[in-house]
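First listed ligand is number 1; within each ligand, the first listed atom is number 1. In what follows, residues are counted from 1 in the order of the sequence shown.
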Amino acid sequence: MSAPNLQEIHDTLIEVAQKAGDMILNARPSFQSAGNKKNSVDLVTETDQAVEKMVSTTLREKYPDYSFLGEETYKPGMTLGSGPTFICDPIDGTTNFVHGHPYVSISLGFTIDKRPVVGVVYNPFRKDLFTAIEGKGAFLNRTTRLPYKQEPEPLEGLNNALVAVEWGSDRHGNNYDIKWNTYRKLAANKDNGGSMVHSLRSLGSAALNLCHVATGTFDAYWEAGCWAWDVAAGWVILKEAGGLIASANPGEWTPAVDGRKYFAVRGAPSGQKELVEELWAQVDGKFDYSA
Ligand code: IPD
């Protein structure tokens with residue numbers, strides 16, 4: 001197999017994302033007609049399925065030797081392999097989509113040796129196209145290089161940070177308790193053992209959260225429970241914008257893209273590692289998604 005042509009893959013993923021964007025914009029979703037997967041907040045619509053079908057058919061025809069991992073065709077036990085692999089979330093932010101809220105994206109990543117090397121995230125409602133190829137920088141709408149501030153400010157602690165978090169679809173047990181307790185501590189004032197972050201944001205698309213950390217408009221994004229298709233594309237966009245990705249679990253500096261635990265921090269001349277350690281100190285326990 002010849003080495004993947006990353007520029008060509010990037011251009012193909014943009015075309016596919018724009019076609020998917022038209023499908024998303026033309027759909028008329030409603031939360032009454034959405035189906036459930038694992039539980040009543042893990043939603044899927046006919047549009048998620050139709051978009052994934054279009055994406056997988058197009059990519060498999062053009063790149064028959066590469067693997068494909070998609071949210072809507074995933075079955076327990078499937079794993080991300082080390083060969084060249086497309087990773088697709090047809091609609092990241094399905095909950096927003098069914099409620100008509102425009103924080104929605106299609107997320108298309110490409111990995112080699114399980115490392116994201118091309119990423120395309122497209123929000124068709126806002127016409128925001130985030131893209132990156134490993135080693136070539138990250139861009140909004142092809143021309144605006146990320147982050148927005150080419151000389152970003154240093155990170156000066158959680159008490160100056162705007163932090164994205166998400167509730168996810170697991171709403172019970174130890175993993176949920178860790179999230180809830182951590183949110184409380186991040187928001188609380190110092191006298192109550194908290195970090196008093198500027199605020200927490202929970203907007204409903206992991207892929208867009210990573211892109212907004214890449215732009216520098218979020219300082220950080222901490223989440224556990226989401227999947228490789230939620231983060232693969234945003235991962236390379238963030239890294240190409242100078243960001244860092246550790247694990248949501250304290251002490252884990254080198255997370256796996258399919259490890260389901262992530263902590264993204266924006267590019268900055270200093271303070272990135274300190275911010276990671278400061279947040280980790282607020283996390284009681286370790287997420288475990290092995291069951
Ligand atoms: C969800 C979003 C959300 C995250 C969930 C994901 P979906 O993806 O990324 O932000 O908290 O864990 O499942 O289901 O809309 O593709």
What atoms of ligand 1 come within less than 4.0 Å of a heavy atom belonging to [X]?
| X | result |
| --- | --- |
| Ser205 | 9 (O), 10 (O) |
| Ala206 | 2 (C), 9 (O), 10 (O) |
| Gly168 | 11 (O), 12 (O) |
| Cys226 | 12 (O) |
| Asp89 | 16 (O) |
| Thr94 | 15 (O) |

* Checking Lys239 side chain against Glu134 main chain: does a donor-acceptor pair fall under 3.5 Å? -> no
* Asked: Where the side chain of Trp167 meets the backbone of Lys179, is there a donor-acceptor pair that is under 3.5 Å apart?
  -> no
Tell me the protein heavy atom at minimum distance from [atom], and give that distance in Å.
| atom | value |
| --- | --- |
| atom 5 (C) of ligand 1 | Glu223 OE2, 3.9 Å |
| atom 14 (O) of ligand 1 | Glu71 OE2, 3.5 Å |
| atom 3 (C) of ligand 1 | Gly204 O, 3.7 Å |

Polar side chain donor-acceptor pair, [X] to [Y], under 3.5 angstrom:
| X | Y | answer |
| --- | --- | --- |
| Ser107 | Asp92 | no |
| Asn174 | Asp177 | no |
| Ser290 | Asp288 | yes |

Can you confirm, on distance only, whether ligand 1 has an N/O atom lying under 3.5 Å from any N/O atom belonging to [X]?
| X | result |
| --- | --- |
| Thr95 | no |
| Ile91 | yes |
| Gly93 | yes |
| Tyr221 | no |
| Asn209 | no |

Check whether any side-chain heavy atom of [X] lies under 4.5 Å from a side-chain heavy atom of [Y], and answer yes or no.
| X | Y | answer |
| --- | --- | --- |
| Gln7 | Asn5 | yes |
| Val16 | Met54 | yes |
| Thr131 | His10 | yes |
| Tyr176 | Asp170 | no |

* Interatomic spacing from CZ in Phe263 to CD1 in Ile245 - rounded to 0.5 Å -> 11.0 Å
* Asked: Can Ser169 be said to touch ligand 1, with heavy atoms closer than 4.0 Å?
  -> no
* If you measure from each non-hydrogen atom of Asp92 to ligand 1, which part falls under 4.0 Å: side chain, backbone, both or neither? -> both
* At under 4.0 Å between heavy atoms, which part of Asp230 makes contact with ligand 1: side chain, backbone, both or neither? -> side chain
* Structure fact -> Residue pairs passing the side chain to side chain donor-acceptor pair (under 3.5 Å) test with at least one member in residues 71-83, sequence neighbours excluded, are Lys37-Glu71, Lys37-Glu72, Glu52-Thr73
